[in-house]
Participant: 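Shown below is the structure under consideration.
This is a predicted model, so every value here is computed, not measured. These values consider heavy atoms only, across backbone and side chains, with no hydrogens, waters or symmetry-generated copies.
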Amino acid sequence: MTWNPMNLLETEKHLTILGGTRSGKTNFAIYYARAKLQQNRRVLFVTAKPEAAYRSMFDERFVNDVDKAMESMIKQPKKSVLLELDIEQADEAGRLLNGIGEWLRMKMEKGEDSKVTVFVDEISLLVKNKADTSDTNVALTRAAATWSAYGGQLVSVAQRSAMIHHTVLTQGDLVLFRVPKGDLKSLSMIAYPDMKDEEITTYLDNYQYHSIYVDGFDLRYMKPVALQEKNRSKDGIPDDSPP
């Protein structure tokens with residue numbers, strides 16, 4: 001069946017957003033960040049590869065200054081904060097995540113509101129050598145495993161699942177955007193690079209803790225669905241029910 005990624009706007013579960021180059025994954029992540037802000041959640045967006053066009057989407061921007069970015073997020077909950085990190089400063093993302101985790105825990109113990117959504121974009125650049133033991137990867141897995149209990153939400157953005165630790169993948173929903181050519185082979189290359197085609201089908205059937213959202217992709221038949229072919233209601237408004 002085909003799901004609409006916009007349905008994710010109401011959830012507070014962790015998300016992992018995957019998609020190829022120019023797939024629109026960062027655009028959706030930023031759109032989602034703005035929606036979370038409207039829901040009165042604190043929003044912090046971390047990236048190692050910013051594009052100038054994205055900067056205007058945020059209320060405040062910091063470069064390589066983790067402490068000020070976190071302070072701004074805490075003291076000004078009605079503003080979205082962008083933190084740009086140089087590759088040389090990648091481990092700072094781990095320090096940031098650990099600091100937010102500690103802040104969330106302290107807020108919960110005091111009985112105070114602490115809802116926050118943190119986006120980690122370009123994970124392949126922030127996790128050095130894709131090593132499980134890198135500071136950022138350890139912090140990501142800790143956040144995925146513990147933040148939900150404290151009111152925190154983690155959104156991870158990358159080009160393929162091999163870049164993301166399995167603990168992060170299994171703790172929330174998985175979103176796939178515009179898989180190239182929309183076929184099973186492409187799905188396996190981006191989302192499940194170590195599986196054979198038949199293994200992917202079994203995986204999708206048996207592991208329901210993942211919700212797979214694909215833009216224009218029918219998971220029942222593993223074939224593309226043109227966006228203009230989606231069902232429409234009588235008044236012409238797109239209908240997001242399964243085809």
Participant: Please determine whether side-chain contact (heavy atoms from CB on, under 4.5 Å) holds for the pair Phe58 and Ile30, giving the CA-CA distance in whole Å, both sets of side-chain angles, and the decisive distance to 0.1 Å.
Facilitator: CA-CA 9 Å; Phe58 297 89; Ile30 293 175; 4.1 Å; yes
Participant: Taking all non-hydrogen atoms of both residues into account, name the closest pair between Arg41 and Val116 and its distance.
Facilitator: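 Looking at all heavy atoms of both residues, the closest pair is NH2-O, 3.0 Å.
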Participant: Rounded to the nearest 0.5 Å, what's the gap from OG on Ser156 to CD on Glu122? Could you check?
Facilitator: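 Separation between the atoms: 12.5 Å.
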Participant: Membership question, hydrophobic clusters at under 4.5 Å side-chain separation (ILVMFWY): are Met106 and Ile100 in the same one?
Facilitator: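 In one cluster with Ile100: Met106, no.
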Participant: Using salt bridge (Lys or Arg N to Asp or Glu O under 4.0 Å) as the criterion, list what pairs up with Asp67, not counting sequence neighbours.
Facilitator: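 Testing Asp67 for salt bridge (Lys or Arg N to Asp or Glu O under 4.0 Å), a comparison that skips the adjacent residues, returns Arg95.
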Participant: Phe45 vs Phe119 aromatic rings, parallel, tilted or perpendicular, using cut-offs 30° and 60°?
Facilitator: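 Because their plane-to-plane angle is under 30°, the rings of Phe45 and Phe119 count as parallel.
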Participant: How far apart are the C-alpha atoms of Ser72 and Glu60, what are their side-chain angles, what is the distance that settles it, and do they pass the side-chain hydrogen bond (donor to acceptor under 3.5 Å, both in side chains) test?
Facilitator: CA-CA 8 Å; Ser72 177; Glu60 284 198 285; 2.4 Å; yes
Participant: Could you pull out every donor-acceptor pair under 3.5 Å between side chains of residues 142-149 and any protein atom, sequence neighbours left out?
Facilitator:
| residue | atom | partner | partner atom | Å |
| --- | --- | --- | --- | --- |
| Arg142 | NH1 | Asn98 | OD1 | 2.6 |
| Thr146 | OG1 | Arg142 | O | 2.7 |
| Ser148 | OG | His14 | NE2 | 3.2 |

Participant: Could you tell me whether the side chain of Val46 reaches within less than 4.5 Å of the side chain of Leu82, counting heavy atoms only?
Facilitator: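 Leu82 does not reach Val46 side chain to side chain.
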Participant: Of all the heavy-atom pairs spanning Val81 and Ala69, show the shortest one and how long it is.
Facilitator: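 Taking Val81 first and Ala69 second, the nearest heavy atoms are CG1-O, 3.9 Å.
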Participant: Rounded to the nearest 0.5 Å, how far apart are CG of Asp121 and CG of Leu85?
Facilitator: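 Result: 11.0 Å between the selected atoms.
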Participant: Give me the atom names and distance for the closest heavy-atom approach of Thr11 to Tyr32.
Facilitator: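 So the two residues come closest at O-OH, 3.2 Å.
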Participant: Please report the closest heavy-atom contact between Leu140 and Leu154, naming both atoms and the distance.
Facilitator: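 The pair with the smallest heavy-atom distance is O-CD2, 3.8 Å.
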Participant: Do Leu96 and Val63 land in one hydrophobic cluster if side-chain heavy atoms of ILVMFWY residues count as linked below 4.5 Å?
Facilitator: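 Unlinked, Leu96 and Val63 end up in two clusters.
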Participant: Between Lys68 and Glu71, is the closest basic N to carboxylate O distance under 4.0 Å?
Facilitator: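 Salt bridge flag = no for Lys68 with Glu71.
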Participant: In the structure I gave you, are the side-chain heavy atoms of Thr141 and Val168 within less than 4.5 Å of one another anywhere?
Facilitator: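 Result yes, sub-4.5 Å side-chain heavy-atom pair found.
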Participant: Roughly how far apart are Arg42 CZ and Lys36 NZ, rounded to 0.5 Å?
Facilitator: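 Nearest 0.5 Å value for the CZ-NZ distance: 15.0 Å.
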Participant: From Leu83 CG over to Met73 CE, what is the distance, rounded to the nearest 0.5 angstrom?
Facilitator: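 Leu83 atom CG to Met73 atom CE measures 11.0 Å (nearest 0.5 Å).
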Participant: If we only count heavy atoms from C-beta on, is the Lys13 to Gln153 side-chain gap below 4.5 Å?
Facilitator: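 Result no, sub-4.5 Å side-chain heavy-atom pair not found.
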Participant: Taking all non-hydrogen atoms of both residues into account, name the closest pair between Leu126 and Thr136 and its distance.
Facilitator: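 In this case the closest contact between Leu126 and Thr136 is O-OG1, 3.4 Å.
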Participant: Identify the two heavy atoms, one from Leu104 and one from Ser114, that lie closest to each other, and give their separation to 0.1 Å.
Facilitator: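 Scanning both residues, the minimum pair turns out to be CD2-O, 3.0 Å.
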Participant: Taking NZ in Lys107 as the centre, count heavy atoms belonging to other residues, nucleotides or ligands within less than 6.0 Å. Is the count above 12?
Facilitator: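 Check passes, neighbour count above 12.
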Participant: Just to verify, which of Ile164, Val120, Ile123 counts as forming a side chain to side chain contact (heavy atoms under 4.5 Å, CB included) with Thr16?
Facilitator: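 Output: one option passes, namely Ile164.
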Participant: Run the ring pair (Phe, Tyr, Trp, His ring centres under 6.0 Å) test against Phe62 and tell me which residues pass, sequence neighbours left out.
Facilitator: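 None.
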Participant: Between CZ of Arg55 and OG1 of Thr47, what distance do you get to the nearest 0.5 Å?
Facilitator: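 Reported value, rounded in 0.5 Å steps: 9.5 Å.
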